[in-house]
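The sequence lines fix the lettering, A, B, ..., with proteins before strands; numbering per chain opens at 1.
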Amino acid sequence: MIVETEAYLGVEDRAAHTFGGRRTPRNESMYRDGGTAYVYAIYGLHFCLNVVAGAPDHPVAALVRALRPVEGLELMRAHRGVQRDTDLCSGPGKLCAAFGIDRALDGVDLVAGDSLWVETGPGGPDVAVGPRVGVDYAGEWAARPLRFAVRGDPNVSRPRPPGWAPG
DNA sequence: TTCATGATTGAC
DNA sequence: TCAATCATGAAA
């Protein structure tokens, strides 16, 4: 269950890979239709998964930052090498490792349900909003409230956004 | 072909 | 707080 996301807003967003209209082999899937997966490698060590959310040639996407593991916990533990449930998918790189997601899944249709897909869930209004993580270089865009996390969920990555703690 | 850097993580 | 580690993209 997706419990944390960040929005990356097209060509104007200085923190986005598509800033300024850049179109490269890496970010090509960002320019595809909504429902497409955008998977990229980062820091030479990890992968991050995005759900493309715009119309074709309008490159906006949601970075999936954390999940609450529901099924396949044993396989996730094997992939991650950790035991605690909240260490399995509590970060964008972690959840890709847990699921075995890499660039081979870049561009797949997340609606069709072939290999990797997203299903609708309960959702709800109990969401904390805050600035995105690791984008300090993005000027005023670094402060924009584009990070969304389920309040009180222990799988939300650190640092927790303001208002995450219930109460 | 070279060089700088990052939508991170984990250890100290 | 800091190093690991390399795909990616821009410059040369």
Side-chain donor/acceptor pairs under 3.5 Å, residues 124-131 of chain A, sequence neighbours excluded:
from   : atom 1 : to     : atom 2 : distance (Å)
A:D126 : OD1    : A:R151 : NH1    : 3.4

When the side chains of residues 32-49 of chain A are checked against the rest of the protein, which donor-acceptor pairs come out under 3.5 Å, sequence neighbours left out?
from  : atom 1 : to     : atom 2 : distance (Å)
A:R32 : NH2    : A:G107 : O      : 3.3
A:T36 : OG1    : A:D33  : O      : 2.8
A:Y38 : OH     : A:H17  : ND1    : 2.7

Check: residues 4-11 of chain A side-chain donor-acceptor pairs under 3.5 Å, at least two apart:
from : atom 1 : to     : atom 2 : distance (Å)
A:E4 : OE1    : A:S157 : N      : 2.8
A:E4 : OE1    : A:S157 : OG     : 3.0
A:E4 : OE2    : A:R65  : NE     : 2.9
A:E4 : OE2    : A:R147 : NE     : 2.7
A:E4 : OE2    : A:R147 : NH2    : 2.7
A:E4 : OE2    : A:S157 : OG     : 3.0
A:E6 : OE1    : A:Y8   : OH     : 2.7
A:E6 : OE2    : A:V133 : N      : 2.8

Under 3.5 Å, which donor-acceptor pairs do the side chains of residues 86-98 of chain A form with other protein atoms, sequence neighbours left out?
from  : atom 1 : to    : atom 2 : distance (Å)
A:T86 : OG1    : A:R84 : NH2    : 3.0
A:S90 : OG     : A:T86 : O      : 2.8
A:S90 : OG     : A:K94 : NZ     : 3.2

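Listed by first and then second residue, the salt bridge (Lys or Arg N to Asp or Glu O under 4.0 Å) pairs that reach into residues 35-44 of chain A come to none, sequence neighbours excluded. Judged as a ring-ring contact (aromatic ring centres under 6.0 Å, His included), not a single pair has a partner in residues 101-151 of chain A (not counting sequence neighbours).
A donor-acceptor contact shorter than 3.5 Å is absent between the side chain of A:R144 and the backbone of A:E140. Side-chain atoms of A:D109 come within 3.5 Å of backbone N or O of A:A112 as a donor-acceptor pair. Side-chain atoms of A:D153 do not come within 3.5 Å of backbone N or O of A:R68 as any donor-acceptor pair. In this structure, the side chain of A:D102 engages the main chain of A:A104 through a donor-acceptor pair within 3.5 Å.
The closest side-chain heavy-atom distance from A:I101 to A:L116 is below 4.5 Å.
A:V64 approaches A:V51 most closely through the heavy-atom pair CG2-CG2, 4.1 Å. Counting all heavy atoms, side chain and backbone alike, A:E71 lies closest to A:M76 at O-CE, 3.2 Å. A:H79 approaches A:G100 most closely through the heavy-atom pair ND1-N, 4.0 Å.
Salt bridge status for A:D13 with A:R132: present, with a side-chain N to carboxylate O gap under 4.0 Å.
The CG atom of A:L75 sits 9.5 Å away from atom CZ of A:F99, with the distance rounded to the nearest 0.5 Å.
For DNA chain C, runs of at least 3 consecutive pairs of the Watson-Crick or G-U wobble type, with both hydrogen-bonding distances under 3.5 angstrom, map to B:1-6 with C:6-11, B:8-11 with C:1-4.
Along DNA chain C, the stretch of nucleotides lying under 4.0 Å from any heavy atom of chain A spans, 5' to 3', C:dA4 to C:dA10. Chain A approaches DNA chain B within less than 4.0 angstrom (heavy atoms of the protein), and the contacting nucleotides run 5' to 3' from B:dG6 to B:dG10.
In this structure, a donor-acceptor pair under 3.5 Å is present between the side chains of A:D106 and A:S29.
A heavy atom closer than 4.0 Å to some atom of DNA chain B occurs in A:V133, A:G134, A:V135, A:Y137, these being the qualifying members of residues 128-141 of chain A. A heavy atom lying under 4.0 Å from DNA chain C marks the following residues of residues 42-52 of chain A, by number: A:Y43, A:G44, A:L45. For DNA chain B, the residues of residues 17-26 of chain A within the heavy-atom distance limit of 4.0 Å (strictly under) are A:H17, sorted by number.
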